[in-house]
Peer 1: 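Can you read through this structure? Questions will come right after.
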Amino acid sequence: MIKIKNLSCGYNKIAVVDNISTDISECSFIGIIGKNGAGKTTLLKSLSGLLKPYSGNIFINGTDIYKMKRNLLAKKLSFLPQNMPIDFPFIVKDFIMFGRFPHMNFFKYALKEDYKKIEEIMDFTETKEFAERSILELSGGERQKVLIAQTLAQETDIIAFDEPTSHLDIGSQSSIFRLLRILNIEHKKTIITTIHDLNAAGEFCSNLILMDKGTIFKSGTPTEVLNYKDIETVYNTTVVVKTNPVSNKPVVIPVFSDNK
Amino acid sequence: MKNNLPLKLVIMIILFILAFVFSMLSGAGDISFVQMLKALFSNADENTLIIINKIRLPRFILAVVAGAGLASSGCIFQGILRNPLADPFTLGISGGSAFGASIAFALGLSAIGWIYIPMCAFIGAIIAIFLVYALNIKKGFDSNSMILSGVVASYIFSAMVMLIFAILSSDKLFSAFMWLMGNLSSFDERLLMPVSIVIIIGILILCLFGNLINVITLGEQKASSLGINTARTVKYIFLLSSLITASAVSCCGVIGFVGLMMPHIMRKIVGNDHRVLIPLSAFAGAIFLPVCDTLSKTLLAPVEMPVGVLTSIVGGLFFIILLLKPGRKFAL
């Protein structure tokens with residue numbers, strides 16, 4: 001379980017996340033939503049161990065993550081940044097292998113079990129067909145799957161994603177969210193992701209955290225959080241909330257009228 | 001890409017042997033292949049012995065070591081700075097050593113003792129390294145700020161070199177100028193041992209960090225979430241590869257393009273896994289620089305051209321060909 005207690009963090013001494021407390025239970029699928037600049041990514045980075053808080057603590061199973069050894073944290077929690085630089089044309093299977101880094105010995109050479117693990121993950125993420133290609137030659141959707149595969153290679157119980165489907169088409173988006181759902185339900189991973197698409201958030205997440213101005217505006221199940229009043233207040237735009245006829249999950253439709 | 005590593009390694013070993021024989025046989029004084037073998041392994045007439053064992057062999061070793069050092073540190077800078085166009089000099093190291101050497105020439109220290117020019121060049125390089133280091137402590141060794149501070153340091157040092165040149169008398173000017181162009185002919189043999197030890201041990205240590213550098217190319221956030229203290233690691237790798245560069249530069253001057261071109265070629269041939277790439281880039285540099293050095297001795301004989309001029313011309317042509325090649329995107 002992750003416990004966030006009175007967390008404040010930010011950049012250059014300016015708090016972007018302001019005194020947040022919340023609990024994230026095991027095996028949940030958390031979506032962090034909110035406007036641009038609400039502090040979603042900052043919160044995610046801080047709870048991934050990448051941004052030391054100004055005050056407050058983050059505990060994983062009772063241990064403060066900022067008092068943990070980095071290499072130990074890397075075996076409990078993995079993180080996929082949004083704009084990860086890929087400057088060299090690595091071969092896809094080598095690239096996925098980098099995710100095994102925290103599990104490797106001092107010389108950081110891959111062993112048989114690492115190769116086996118990578119095979120499994122490539123099957124699971126459907127990345128095997130381009131295993132031998134350069135990562136720079138892949139399409140956006142394919143590349144994102146490879147990045148997820150690399151993150152999975154880290155074999156952690158908690159996985160944090162920063163906008164894993166931004167600028168992907170709806171087909172690639174659903175296939176990635178389906179992967180995350182299987183990870184969550186069948187492999188019992190705790191998944192925490194920031195997400196802009198409210199409908200995908202409603203469809204796939206078990207709980208949502210709606211952030212506004214560095215604080216938690218509301219959290220709960222998608223049906224509780226995605227109501228037109230709260231969404232209109234936070235996003236400052238008019239919306240209609242309907243129910244998806246297939247999944248019975250809430251669907252948010254922005255209304256563009258000239259009356260306002 | 002089929003990665004036929006053993007075959008590629010064998011080809012490189014053959015090329016290395018050819019480079020060795022070429023270096024031993026070229027130059028003033030006719031020496032045959034048999035004479036060379038005799039001089040190396042048993043005994044030969046005194047003249048041949050001196051030429052091979054006292055002149056050509058040490059110079060070949062220096063070229064091998066310097067080439068390996070420049071190429072491997074270039075490869076590492078490209079990795080930690082996440083920039084395929086970085087080279088050992090991007091971080092201002094050559095600027096610093098040029099400045100140090102120029103001061104030594106201006107003060108006439110070269111006449112006092114052999115050690116002063118390489119020593120001042122080395123000190124200059126160390127000053128440049130610490131300037132970049134100090135500028136980046138607060139910035140957490142982020143690649144952009146490192147490149148920027150390196151480029152700034154280079155400009156400041158080269159301005160100061162120009163200033164020294166402007167007030168230097170013409171005889172000193174010429175020897176300083178030849179040094180700056182990169183030159184293996186004027187080194188002192190006593191330097192060979194310490195410089196070789198520093199560079200070879202440095203390369204061996206850096207070879208262990210191949211996978212670490214792979215992960216660092218994924219950016220600070222990913223590397224940190226894979227359990228690495230990124231800023232600290234980049235700092236140590238930067239200091240170690242800078243030391244290699246500084247050692248190479250202090251005894252053979254500024255030799256351009258080796259550190260940029262060799263890793264580039266090897267990235268194409270063996271891929272981008274730095275565990276393989278670092279040692280093989282070093283190997284490629286160890287072949288390329290002796291060949292260039294021998295050519296620079298013989299092409300315009302009896303005049304010897306600075307080897308840095310030759311490597312820069314070859315390197316420049318190489319990148320022009322890359323640019324002209326249709327279809328493929330430039331770089332990598």
Peer 1: If you draw a 6.0 Å radius around OH in A:Tyr66, do more than 12 non-hydrogen atoms from other residues or ligands fall strictly inside?
Peer 2: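 More than 12 within 6.0 Å, yes.
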
Peer 1: Is the NZ atom of A:Lys3 crowded by more than 12 outside heavy atoms at less than 6.0 Å?
Peer 2: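 Incorrect, the count does not exceed 12.
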
Peer 1: What pair of heavy atoms forms the shortest contact from B:Asp273 to A:Phe90, and how long is it?
Peer 2: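 What the structure gives for the nearest pair is N-CE2, 4.4 Å.
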
Peer 1: For A:Met97, is it the side chain, the backbone, both or neither that has a heavy atom under 4.5 Å from a heavy atom of chain B?
Peer 2: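 No part of A:Met97 comes within 4.5 Å of chain B.
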
Peer 1: Within the 4.5 Å heavy-atom criterion, are B:Asn211 and A:Tyr109 side-chain neighbours or not?
Peer 2: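 B:Asn211 does not reach A:Tyr109 side chain to side chain.
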
Peer 1: If you compare all heavy atoms of A:Asp87 against all heavy atoms of B:Arg82, which two are closest, and at what distance to 0.1 Å?
Peer 2: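 Between these two residues, the closest heavy atoms are OD2-CB, 3.3 Å.
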
Peer 1: Counting heavy atoms not belonging to A:Lys76, are there more than 12 under 6.0 Å from its NZ?
Peer 2: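 12 or below, so no.
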
Peer 1: Of the non-hydrogen atoms in B:Ser225 and A:Gln154, which two are nearest, and what is the gap between them?
Peer 2: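 Looking at all heavy atoms of both residues, the shortest contact is O-NE2, 2.9 Å.
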
Peer 1: What heavy-atom pair brings B:Gly219 and A:Pro85 nearest, and what distance separates the two atoms?
Peer 2: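 Looks like CA-CG, 3.8 Å.
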
Peer 1: Measure the NZ-CD1 distance between B:Lys222 and A:Ile86 for me, rounded to the nearest 0.5 Å.
Peer 2: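 Rounded to the nearest 0.5 Å, the NZ-CD1 separation comes out at 10.0 Å.
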
Peer 1: Does a side-chain heavy-atom distance below 4.5 Å link A:Gln150 with B:Leu218?
Peer 2: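 When only atoms from C-beta onward are counted, B:Leu218 and A:Gln150 do touch, with a gap below 4.5 Å.
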
Peer 1: Which pair of heavy atoms, one from A:Ala110 and one from B:Arg275, lies closest together, and at what distance?
Peer 2: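 Smallest heavy-atom distance, with atoms named: N-NH1, 4.1 Å.
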
Peer 1: How far does CG of B:Leu226 sit from CG of A:Leu73, to the nearest 0.5 angstrom?
Peer 2: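 If I round to the nearest 0.5 Å, the distance is 11.0 Å.
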
Peer 1: Taking A:Thr156, A:Leu77, A:Thr151, A:Leu51 one by one, which has the highest count of heavy-atom pairs under 4.5 Å against chain B?
Peer 2: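 Winner by heavy-atom pair count: A:Thr151.
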
Peer 1: Begin with the C-alpha distance, continue with both residues' side-chain angles, and end with the deciding distance and a verdict on side-chain contact (heavy atoms from CB on, under 4.5 Å) for A:Met84 and B:Gln221.
Peer 2: CA-CA 8 Å; A:Met84 201 174 114; B:Gln221 291 187 17; over 6 Å; no

Peer 1: As an exercise, state the distance from CG of B:Asn272 to CG of A:Leu136, rounded to the nearest 0.5 Å.
Peer 2: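 These two atoms lie 8.5 Å from each other.
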
Peer 1: Looking at CZ of A:Phe95 and CG of B:Asn214, how far apart are the two atoms once the value is rounded to the nearest 0.5 Å?
Peer 2: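 A:Phe95 CZ to B:Asn214 CG: 10.5 Å, rounded to 0.5 Å.
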
Peer 1: Would you mind checking which part of A:Lys75 comes under 4.5 Å of any heavy atom in chain B, side chain (CB onward), backbone (N, CA, C, O), both or neither?
Peer 2: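 No part of A:Lys75 comes within 4.5 Å of chain B.
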
Peer 1: Measuring heavy-atom distances to chain A, does B:Asn229 have an atom under 4.5 Å in its side chain, in its backbone, in both, or in neither?
Peer 2: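 For B:Asn229, heavy atoms of backbone and side chain both lie under 4.5 Å from chain A.
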
Peer 1: As an exercise: rank B:Thr217, B:Asn83, B:Thr230 by heavy-atom pairs under 4.5 Å with chain A and give me the winner.
Peer 2: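 If we count pairs closer than 4.5 Å to chain A, B:Thr217 comes out on top.
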
